[in-house]
Structure formats: structure tokens, C-alpha cells
Peer 1: 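Please find one structure pasted underneath; my questions will follow.
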Amino acid sequence: MYCDISLAIRKICFRPACFRFWSHLASMVVTSTKLKSEESNNFTYDRTAEVKAFDDTKLGVKGLLDSGVTKIPRMFYHAKLDLNNETTKSDSKFSVPIIDLKDIDINSSLRVEVVDKVLSACKKWGFFHVINHGIPIEVLDEMICGIRRFHEQNAEVRKSFYSRDNNKKVRYFSNVDLFRGHGANWRDSIYFLLSPDPPNPEEIPALCRDIVIEYSKKIGALGFIIFELLSEALGLNHSYLNELDSADGQFILSHYYPACPEPELTLGTSKHTDSSFMTILLQDQMGGLQVLHENQWVDVHPVHGSLVVNIGDFLQLITNGMFASVYHRVLARNIGPRISVASFFINTSPHGTSKVVGPIKELLSEENPPIYRDTTVKDVMAHYFDEKGLDGNTPLKPFRRSWRRRREFHEMPQTLKGEYYSREVMKKVKYGSNIDLYQSKYTDWRDTLFCVMGPEPLHPQELSPICRDVTMEYSREVEITLEDDRWVNVPHVPGALVVNIGDLLQVLYHLQHSAL
Ligand SMILES: O=C(O)CCC(=O)C(=O)O
Ligand SMILES: [Fe+2]
């Protein structure tokens with residue numbers, strides 16, 4: 001029966017009345033607001049057909065909403081999304097740092113203070129607001145208006161820009177990873193590749209052409225200033241980051257988040273880190289952006305006139321993990337639209353993506369050995385888009401030299417690891433040999449690095465840099481496995497066999513324990 005439905009979508013979506021069908025389909029398939037597992041309902045849900053029908057309309061989520069849907073189609077469901085019961089609930093005691101750039105060029109002591117703030121924000125948050133950045137507020141407001149004009153214009157004209165052709169320097173689409181199999185996001189986007197090889201101005205939609213050109217120039221100049229501050233924060237020559245070929249480029253993704261009739265079932269943007277060196281984000285006053293800080297989702301409240309700067313994956317890589325590329329997401333809301341403009345600093349030309357990127361040699365030392373291997377932007381991106389499939393996890397993982405990290409901790413000279421040696425019970429990170437050394441008759445032939453990861457989150461800086469990243473990541477994955485009951489990969493371990501507990505053993509175990 002449901003195969004007929006997918007056929008019907010395919011046929012109907014070419015007709016003007018197709019959107020009426022979406023609301024019908026959504027109400028037919030959705031029987032409960034609580035999401036069941038994607039896999040369990042395969043008989044009633046042909047995702048490929050639904051996605052194709054949606055994509056063929058070329059009108060995005062906005063088009064769906066205009067058709068009057070009151071339930072969201074199944075393809076937008078995010079498995080296991082339970083915003084009300086999240087263990088990582090938003091905590092208002094935190095707020096993203098705001099950094100004032102006023103007079104930093106004429107007052108050197110002020111500049112030193114600002115560089116300090118930038119350093120601390122990049123290490124602890126990976127996110128900060130900048131104010132007094134030199135871009136007039138009218139330009140920011142007009143950019144938001146221009147993007148809104150594009151998304152709200154005549155549907156037929158908007159449709160003509162819809163494309164999934166990666167060679168196009170300007171294209172409008174909904175969900176770059178729509179065909180990947182996970183829940184789609186409740187948003188549409190328009191992409192502009194602006195540097196190093198800009199499009200012909202005529203390729204940019206007339207409704208936002210002038211402002212996109214002006215905005216991108218001004219953001220490029222601000223990016224230059226912020227890269228200088230970041231270089232200084234790293235203790236490098238102020239022009240260091242601006243001289244990196246692989247960072248010398250800019251593209252923009254401007255998002256339009258329509259109001260969502262069932263915001264508890266989907267997201268505006270799913271959890272991700274940015275595959276850039278740095279991103280500068282302009283958001284309107286609607287709110288919804290959140291950043292994962294100390295294992296809590298913290299709102300990035302809109303500050304009118306400010307811009308949000310965030311560290312991208314490649315800056316995390318080249319700073320050897322000193323700067324953090326952190327997870328962020330955008331909630332779907334039942335009010336809207338929300339508009340944002342993300343400018344990504346990265347050179348996506350063949351010249352830029354083939355340059356070697358690796359931990360900056362000047363930042364490395366015996367205490368801070370490279371935690372990433374040298375690679376290229378092209379290799380990381382290939383893994384991100386082709387193999388990993390945009391699943392929201394950091395694309396840097398396979399580029400970590402992580403398999404040796406724990407071992408390297410134990411193999412560090414005693415002068416370095418000695419500072420972690422402790423028998424203090426309350427210490428959250430300590431290394432030692434035999435926790436019961438003074439109590440037990442026997443001593444085991446081993447040393448142990450001990451890290452308390454919860455319930456109070458451990459600050460990464462408390463861990464030795466040599467195994468910091470891998471420990472944080474490992475604990476996050478274990479937590480996900482235990483708490484969320486999600487599917488995780490069982491990695492290939494050469495020579496290993498996998499043991500798993502069968503149902504009967506579990507039953508016997510419970511009988512034995514309840515009998516006690
Ligand atoms: O819309 C936003 O506020 C964030 C968008 C974003 O994170 C991105 O485009 O990478
Ligand atoms: Fe992002």
C-alpha cells in the first residue's frame with residue numbers, strides 16, 4: 001500500500017497541487033508525536049521517495065510551509081531527538097563571550113587585552129561575539145533583508161536557482177546532505193562562492209546582488225583582522241594565518257528557517273562542527289543557535305550589531321587542539337522565519353585544498369606533541385562528504401594520531417608526567433601505579449591514568465595535552481553508547497574477537513540478582 005504512496009508522490013510532485021499532498025501524507029504517516037526508531041517503521045515509510053519528491057519541488061522547506069502543512073513530513077524527523085529530556089540541557093549560567101574590537105589598532109595595551117580574551121574564548125568556547133567590528137549595522141541589517149527577499153520572492157523565480165550542481169558558484173537548495181539518510185533539517189539555504197574565484201555578478205540573484213557583494217567584501221576585511229588577532233593569540237607573527245593559502249578564501253551559506261509546525265521532532269541545523277578555518281556568522285534577532293559548552297547546550301543569544309566568530313575544524317587541527325572547533329546546532333521553532341548568514345573562511349579552490357595542513361611547528365614541543373597528522377583540506381573533505389556522510393561527528397577523528405596517545409602519556413619522561421602522579425582521592429585526573437598499593441597483599445604489574453569524566457564535566461585543560469583530545473572524544477562516545485542507546489560502530493580491531501552477551505545470560509543475571 002505504501003509503495004503506492006511513494007509512487008503517488010513521484011507523480012503528484014510535478015503538479016501545482018503537490019503541496020496539498022504533503023500535508024495529507026504527513027498526517028497519514030504520523031500517528032504519534034513521539035518518534036519511533038527510523039528502522040522500525042520501514043514498511044510505512046519510503047524515505048527515498050519522500051526525499052526525491054521534496055527535492056523535485058525545488059521550493060524547499062519554505063515551499064512546504066506555503067502549501068499549508070500542519071505536520072512535518074517524516075523525512076525531517078530526527079531519530080532520538082528528545083529536547084525536553086536532554087542530559088545536556090541549556091544552562092543559563094553560561095554565556096558566549098563578547099569581545100569589543102574598538103580602538104584595537106590605536107591602543108596597544110587594549111590590543112593585548114583583546115588578544116588575551118580571544119585566546120581564552122578560542123580555548124574554552126570556540127565561539128565569541130565581536131562588537132565594534134567596523135561593519136556598519138545598516139550593512140548587516142540589509143544583508144538579512146536581502147536574503148529574506150531572495151527566499152520570499154516569487155516561487156517560480158526562486159525555483160530557477162535551485163541546484164545540487166557543486167560546480168555552481170551560486171545555488172539555492174534545501175539540505176546539502178538531503179540524500180544521506182538521516183533526518184533532514186528544517187531550513188533552506190543559498191550558497192555563494194566568493195573567493196578566491198568569485199562568480200559573475202549576474203549569477204547572484206538581483207534581489208540580493210549588491211548587498212551580497214558589499215557584505216562579503218566587508219566580512220573579508222573583518223576576517224583579515226580576526227585572523228591577525230588569532231595569530232597573535234597563538235604567539236605567532238600577526239600575519240601568520242593570513243598567509244596560509246588554504247585559509248585564503250570565502251564562501252557564504254545564507255539560511256532561511258521557516259516556522260516549524262512540530263519543532264520538537266526536528267532541528268533547524270543538526271549538531272555539527274564547521275569545516276572551515278573560521279566562520280563569521282550574522283544572525284537575526286530570532287534566536288535558536290546553541291553551542292555545546294562543558295557538555296551543556298548554551299544559547300548564543302542574538303546581540304544586534306554583533307557578529308559571531310567560531311573556530312573551524314582546520315584551525316583546531318593546525319593549532320594542535322589548542323583552539324576548539326565546537327559542536328553547535330540550531331533549534332527549530334514554531335515562530336519564524338529565522339535568517340542567518342555564515343561566512344566560511346577556507347580556500348576551496350584546487351590550489352587551496354591541495355596544500356598540506358598540519359599542526360603548526362612553532363606550537364609543538366615535548367609537552368605538546370602533534371595530535372594530528374599532516375593532511376590536506378581535500379583529504380579531510382573527501383572523508384567528510386564521501387565516507388563519513390555528514391553524520392554530525394567531527395571529521396578530524398581519522399586524522400588524529402590518537403591510537404598512540406594513551407601509550408605516549410605513559411611513555412613521557414617522568415619530569416612531564418610526574419605532575420599528574422597523585423593518590424589524592426578527590427583529584428579528577430591522576431596517574432599512578434596500583435590504586436590499592438598500600439592495602440593489597442599483591443601489586444599488579446601496571447600503571448594507570450585515571451580520569452573522572454562525570455557527573456561534573458571535566459575541563460579538557462585538566463588533561464595532559466598528549467591525550468586530551470582522545471580522552472574527551474572517547475568518553476563522549478562511551479556516554480552516547482550508554483545513555484542514548486544509539487547505534488555505534490564496532491571498529492575493526494586487528495586480531496580481536498567481539499564478545500557479546502546473549503538474552504539468556506541477561507535473564508539469568510537478572511534472576512540471580514533479584515533473588516538476592
Ligand atoms: O544558522 C545558524 O545560526 C548557524 C548555521 C551554521 O552553523 C552553519 O551554517 O554552519
Ligand atoms: Fe556551523
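Below, all heavy atoms of this structure are taken into account, side chains as well, without hydrogens, waters or symmetry copies. Sequential numbering from 1 along the given sequence is applied to the chain's residues. Just so you know, ligand 1 is whichever comes first in the structure, and atom 1 is the first atom listed for that ligand. Every value quoted in this text rests on a predicted model; they were computed, and no experiment measured them.
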Peer 1: Using a 4.0 Å heavy-atom cut-off, say whether Val300 meets ligand 1 through its side chain, its backbone, both or neither.
Peer 2: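 Near ligand 1, Val300 shows nothing, with every heavy atom at 4.0 Å or more.
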Peer 1: Do the side chains of Asp197 and Lys169 get close enough for a salt bridge, i.e. N-O under 4.0 angstrom?
Peer 2: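 The answer is yes: the pair qualifies as a salt bridge.
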Peer 1: Which atoms of ligand 1 sit under 4.0 Å from any heavy atom of His255?
Peer 2: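 Those qualifying, in numeric order: 1 (O), 5 (C), 8 (C), 9 (O).
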Peer 1: Mark up the atoms of ligand 1 that fall under 4.0 Å of a heavy atom belonging to Ala342, in ascending order.
Peer 2: 9 (O)
Peer 1: Show me which atoms of ligand 1 lie under 4.0 Å from any heavy atom of Leu281.
Peer 2: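 Listed by number with element, the hits are 2 (C), 3 (O), 4 (C).
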Peer 1: Hey, is the main chain of Glu202 close enough, under 3.5 Å, to the side chain of Asn200 for a donor-acceptor pair?
Peer 2: no
Peer 1: Just which atoms of ligand 1 are under 4.0 Å from any heavy atom in Val330?
Peer 2: 1 (O), 2 (C), 3 (O), 4 (C)
Peer 1: Are Tyr191 and Phe251 close enough, and set up right, to give a ring-ring contact (aromatic ring centres under 6.0 Å, His included), and what steps lead you there?
Peer 2: CA-CA 7 Å; Tyr191 162 89; Phe251 71 85; 5.6 Å; yes
Peer 1: What protein heavy atom sits nearest atom 3 (O) of ligand 1, and how far off is it?
Peer 2: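 The closest one turns out to be Arg338 NH2, 2.8 Å.
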Peer 1: Can you list the atoms of ligand 1 that are under 4.0 Å from a heavy atom of Ser340?
Peer 2: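 Near Ser340, the atoms of ligand 1 are 1 (O), 2 (C), 3 (O).
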Peer 1: Report yes if some N/O of His272 lies less than 3.5 Å from some N/O of ligand 1; otherwise report no.
Peer 2: yes
Peer 1: Asn132 and Asp100: side-chain donor and acceptor closer than 3.5 Å?
Peer 2: yes
Peer 1: Tell me which part of Gln283 gets within contact of ligand 1: side chain, backbone, both or neither, using heavy atoms under 4.0 Å.
Peer 2: neither
Peer 1: Check each heavy atom of Thr279 against ligand 1 and say whether those closer than 4.0 Å belong to the side chain, the backbone, both or neither.
Peer 2: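 None of Thr279 does.
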Peer 1: Any luck finding a side-chain donor-acceptor pair between His255 and Ser189 under 3.5 Å?
Peer 2: yes
Peer 1: Which atoms from ligand 1 have a heavy atom of Phe344 less than 4.0 Å away?
Peer 2: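 Those atoms are 8 (C), 9 (O), 10 (O).
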Peer 1: With respect to His328, determine whether any N or O atom, backbone or side chain, lies less than 3.5 Å from an N or O atom of ligand 1.
Peer 2: yes
Peer 1: Carefully, step by step, assess Asp55 and Tyr162 under the rule side chain to side chain donor-acceptor pair (under 3.5 Å).
Peer 2: CA-CA 9 Å; Asp55 201 45; Tyr162 198 91; 2.5 Å; yes
Peer 1: Do Asn185 and Ser270 have side-chain atoms, one donor and one acceptor, less than 3.5 Å apart?
Peer 2: yes
Peer 1: Check the pair Tyr257 / Arg333 against side chain to side chain donor-acceptor pair (under 3.5 Å), numbers first and verdict last.
Peer 2: CA-CA 9 Å; Tyr257 300 87; Arg333 312 271 302 275; over 6 Å; no
Peer 1: Which is the closest N/O/S atom of Asp274 when seen from the Fe ion (ligand 2)?
Peer 2: OD1
Peer 1: Under the salt bridge (charged side-chain N to carboxylate O under 4.0 Å, His left out) criterion, do Lys62 and Asp188 qualify, and how do the steps go?
Peer 2: CA-CA 7 Å; Lys62 165 110 179 47; Asp188 302 327; over 6 Å; no
Peer 1: Do ligand 1 and Arg187 have nitrogen or oxygen atoms that lie under 3.5 Å from each other?
Peer 2: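 Looking only at distances, the answer is no, because the N/O contact criterion of under 3.5 Å is not met.
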